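Predicted model only: the values in this text are computed from it and were never measured. Order of the sequence lines fixes the chain letters, A, B, ..., with proteins taken first and strands second; residue numbering starts at 1 for each chain.
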Number of protein chains: 2
Amino acid sequence: MTTTAKGGAKGRRSASRGKISREAIVAAALEVSDSSAGLDAVTVRSLATKLGTGTMTLYGYFRSKDEILDAMADHVMSGIELPPVEDETPEQALRAVAQAFVKLMTEHPSVSWLLSSRVTRSHASLKAAMEDILQRFVNTGIPPETAVRCYGLLIQFALGFAAYQAPRQWGAASGEDGAELRRQQQHYWAGLPATEFPLVVALAPQLVLLPTEDQFDWGVDLLVEVLTRALERETQRS
Amino acid sequence: MTTTAKGGAKGRRSASRGKISREAIVAAALEVSDSSAGLDAVTVRSLATKLGTGTMTLYGYFRSKDEILDAMADHVMSGIELPPVEDETPEQALRAVAQAFVKLMTEHPSVSWLLSSRVTRSHASLKAAMEDILQRFVNTGIPPETAVRCYGLLIQFALGFAAYQAPRQWGAASGEDGAELRRQQQHYWAGLPATEFPLVVALAPQLVLLPTEDQFDWGVDLLVEVLTRALERETQRS
DNA sequence: GGTGCCGTCGTACACAGTACGACACGGAGC
DNA sequence: GCTCCGTGTCGTACTGTGTACGACGGCACC
């Protein structure tokens with residue numbers, strides 16, 4: 001390490017005085033971002049006042065705000081709950097991982113944004129999750145190279161879904177509920193000139209349903225099916 | 001319209017004096033965000049100086065910076081190039097749309113972020129594209145409701161892929177090239193303790209390839225295959 | 001009882017978006 | 001012709017952001 005890095009080290013001697021800690025900061029940040037105002041409300045100052053400290057105190061625990069965001073992604077990712085591994089078929093494994101991901105996303109909607117920019121960034125629990133998931137896939141007989149691709153595809157799908165869904169939830173949290181928001185959106189689409197946008201107008205009810213659980217399940221079903229099929233072909237060829 | 005909205009109207013009498021216009025602003029913004037510095041570099045002040053005007057002048061053409069970002073997404077989306085429609089199978093249509101999307105994303109990498117938060121936002125060319133794509137799907141015999149789901153799934157996949165890939169490209173643009181970046185990342189993964197992360201270490205070469213064109217094609221192939229299969233089942237059941 | 005170290009945080013700076021109001025100009029009316 | 005006004009331009013300033021600097025104060029150790 002080139003810099004002295006006295007501050008960010010994890011070793012900090014048991015939080016000497018205050019009840020403030022890395023964990024407390026991350027918890028506060030997640031609380032803020034998940035409730036109402038979204039990621040934008042996560043501000044160094046807002047976190048500081050929420051924790052009852054000065055702004056600059058936080059910089060004793062993190063070198064920058066970006067590091068706080070990383071820690072948030074890290075923390076959320078570490079909370080991924082995979083059902084215990086027992087004898088699994090590839091299909092079961094794929095589905096379990098997909099569902100665990102989407103659970104994560106719906107619990108921390110705002111963090112999907114973080115993750116989509118930070119999955120590649122390397123941190124402890126993130127890596128651990130990656131290892132776990134890959135291991136799980138390989139255990140079911142999926143060839144390692146294919147396991148990587150499955151991993152990528154599933155994450156990508158889950159992230160895309162969450163990112164697509166998140167704005168609605170934010171809107172919902174900041175006032176009206178999701179159903180009302182959908183209703184408005186539907187009327188907007190339905191209100192377009194039918195001669196110009198016949199399909200959009202006709203399919204308005206379906207369009208607003210795009211970011212629903214149903215849609216996600218549909219996608220997962222499809223993905224799992226095709227992945228398992230591809231796997232079968234692969235294994236039986238070799 | 002409740003407000004007077006004298007400024008933002010499109011009608012502005014032919015840009016009276018300067019060569020500045022809505023289009024010029026959007027073009028400058030895209031130029032900035034696509035080159036080197038990414039979306040963060042798109043700043044009202046930076047755009048103004050790039051256009052040789054005062055900062056506040058831009059607010060005569062857009063009501064807020066957010067509106068500029070919307071216009072960027074709008075413009076990019078309007079540039080989507082779908083091959084001419086002729087007799088298509090559902091599979092061909094799905095593939096064509098997927099490829100058009102990813103082409104868009106790779107041409108304007110930074111904008112994938114915009115789109116993933118703004119696809120649902122309703123603007124002219126965005127809607128037009130949606131209508132076009134839906135129409136195309138329906139023309140090949142895909143039932144309208146399923147067409148909507150295919151649309152959602154493909155967009156989601158493309159956005160997820162682009163978002164996953166974009167950070168690398170940014171990094172690449174701001175100094176080293178992509179290959180070098182991948183090499184570093186690979187060594188990072190390979191350098192983890194092998195006892196703790198055996199699979200990550202072993203699969204480092206594959207992991208860095210995740211955000212590659214190949215990976216995208218693989219995903220598209222899978223998606224298209226499974227969608228067409230689902231379609232066949234659906235049509236033959238009814 | 002010093003003495004030094006380290007966590008805390010008040011202050012300040014650069015930069016973001018944007019509201020307000022002054023300025024300058026081109027055309028309409030006399 | 002000059003005046004007046006609408007409209008496009010933009011200088012200034014306000015709020016809010018992330019963060020560097022340096023002063024303060026309490027604890028452990030000699």
Side-chain angles (χ1 to χ4, degrees), chain A residues 2-26 28-29 32-33 36-72 110 113-114 117-118, chain B residues 3-26 28-29 32-33 36-72 110 113-114 117:
Chain A
T2 67
T3 77
T4 47
K6 69 169 174 156
K10 60 177 180 298
R12 173 169 276 87
R13 71 170 87 268
S14 73
S16 72
R17 177 81 54 81
K19 60 204 176 322
I20 175 176
S21 66
R22 277 188 152 235
E23 293 71 27
I25 295 175
V26 170
V32 168
S33 83
S36 69
L39 248 182
D40 290 348
V42 175
T43 259
V44 181
R45 283 173 173 82
S46 75
L47 293 183
T49 58
K50 189 179 184 69
L51 292 169
T53 75
T55 313
M56 289 323 267
T57 303
L58 305 191
Y59 282 85
Y61 297 84
F62 295 96
R63 245 190 296 278
S64 67
K65 181 185 176 182
D66 221 57
E67 227 182 71
I68 299 182
L69 297 180
D70 280 347
M72 288 172 69
S110 59
W113 283 96
L114 281 184
S117 63
R118 282 161 219 270
Chain B
T3 77
T4 47
K6 69 170 171 136
K10 61 177 179 298
R12 173 171 275 89
R13 71 170 89 267
S14 73
S16 72
R17 180 80 55 81
K19 60 202 177 322
I20 175 176
S21 66
R22 278 186 152 237
E23 292 73 27
I25 295 174
V26 171
V32 169
S33 83
S36 69
L39 247 183
D40 290 348
V42 175
T43 259
V44 182
R45 284 175 172 82
S46 76
L47 293 183
T49 58
K50 189 180 184 65
L51 293 168
T53 74
T55 313
M56 281 298 121
T57 303
L58 305 190
Y59 284 85
Y61 297 84
F62 294 96
R63 249 190 294 277
S64 68
K65 180 186 177 180
D66 222 56
E67 227 182 70
I68 299 183
L69 297 179
D70 279 347
M72 287 171 70
S110 60
W113 283 96
L114 281 184
S117 64

Side chains of Leu39(A) and Val32(A), heavy atoms from C-beta outward: is any pair under 4.5 Å?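 Counting from C-beta outward, Leu39(A) and Val32(A) never come under 4.5 Å.
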Within the 4.5 Å heavy-atom criterion, are Thr57(A) and Leu51(A) side-chain neighbours or not?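 The answer is no, as the side chains (C-beta and beyond) never meet within the 4.5 Å cut-off.
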Quick check against the 3.5 Å criterion: does [X] have a side-chain atom that pairs as donor or acceptor with the backbone of [Y]?
{"X": "Ser46(A)", "Y": "Ala41(A)", "answer": "yes"}
{"X": "Lys50(A)", "Y": "Ala29(A)", "answer": "no"}
{"X": "Thr53(B)", "Y": "Thr49(B)", "answer": "no"}

Rounded distance in Å - [atom1] ([X]) to [atom2] ([N]):
{"X": "Ile20(B)", "N": "dC10(D)", "atom1": "CD1", "atom2": "P", "answer": "8 Å"}
{"X": "Ile25(A)", "N": "dC9(C)", "atom1": "CD1", "atom2": "P", "answer": "11 Å"}
{"X": "Phe62(B)", "N": "dA19(C)", "atom1": "CZ", "atom2": "C1'", "answer": "19 Å"}
{"X": "Leu58(B)", "N": "dT9(D)", "atom1": "CG", "atom2": "P", "answer": "10 Å"}

Ignoring backbone atoms, test whether Thr53(A) places a side-chain nitrogen or oxygen under 4.0 Å from the OP1 or OP2 oxygen of dT8(C).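 No, outside the criterion.
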Using a 4.0 Å heavy-atom cut-off, write out nucleotides 17-23 of chain D from 5' to 3' as B (base contacted by protein), S (sugar-phosphate only) or - (no contact). BBBBB--
Would Val26(B) and Phe62(B) satisfy side chain to side chain contact (heavy atoms under 4.5 Å, CB included), going step by step from the backbone distance to the final call? CA-CA 10 Å; Val26(B) 171; Phe62(B) 294 96; 3.9 Å; yes
To the nearest 10 degrees, what angle separates the axes at the start and end of the helix from dG1(C)-dC30(D) to dC30(C)-dG1(D), five pairs each?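 About 20° separates the two local helix axes.
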Dump the intermediate steps for side chain to side chain contact (heavy atoms under 4.5 Å, CB included) on Leu69(A) and Asp66(A), then the final yes or no. CA-CA 5 Å; Leu69(A) 297 180; Asp66(A) 221 57; 4.3 Å; yes
Checking Arg22(A) against Glu67(A) for the side chain to side chain contact (heavy atoms under 4.5 Å, CB included) test, could you report, in this order, the C-alpha distance in whole Å, the side-chain angles of both residues, the deciding distance, and whether it holds? CA-CA 11 Å; Arg22(A) 277 188 152 235; Glu67(A) 227 182 71; 3.5 Å; yes
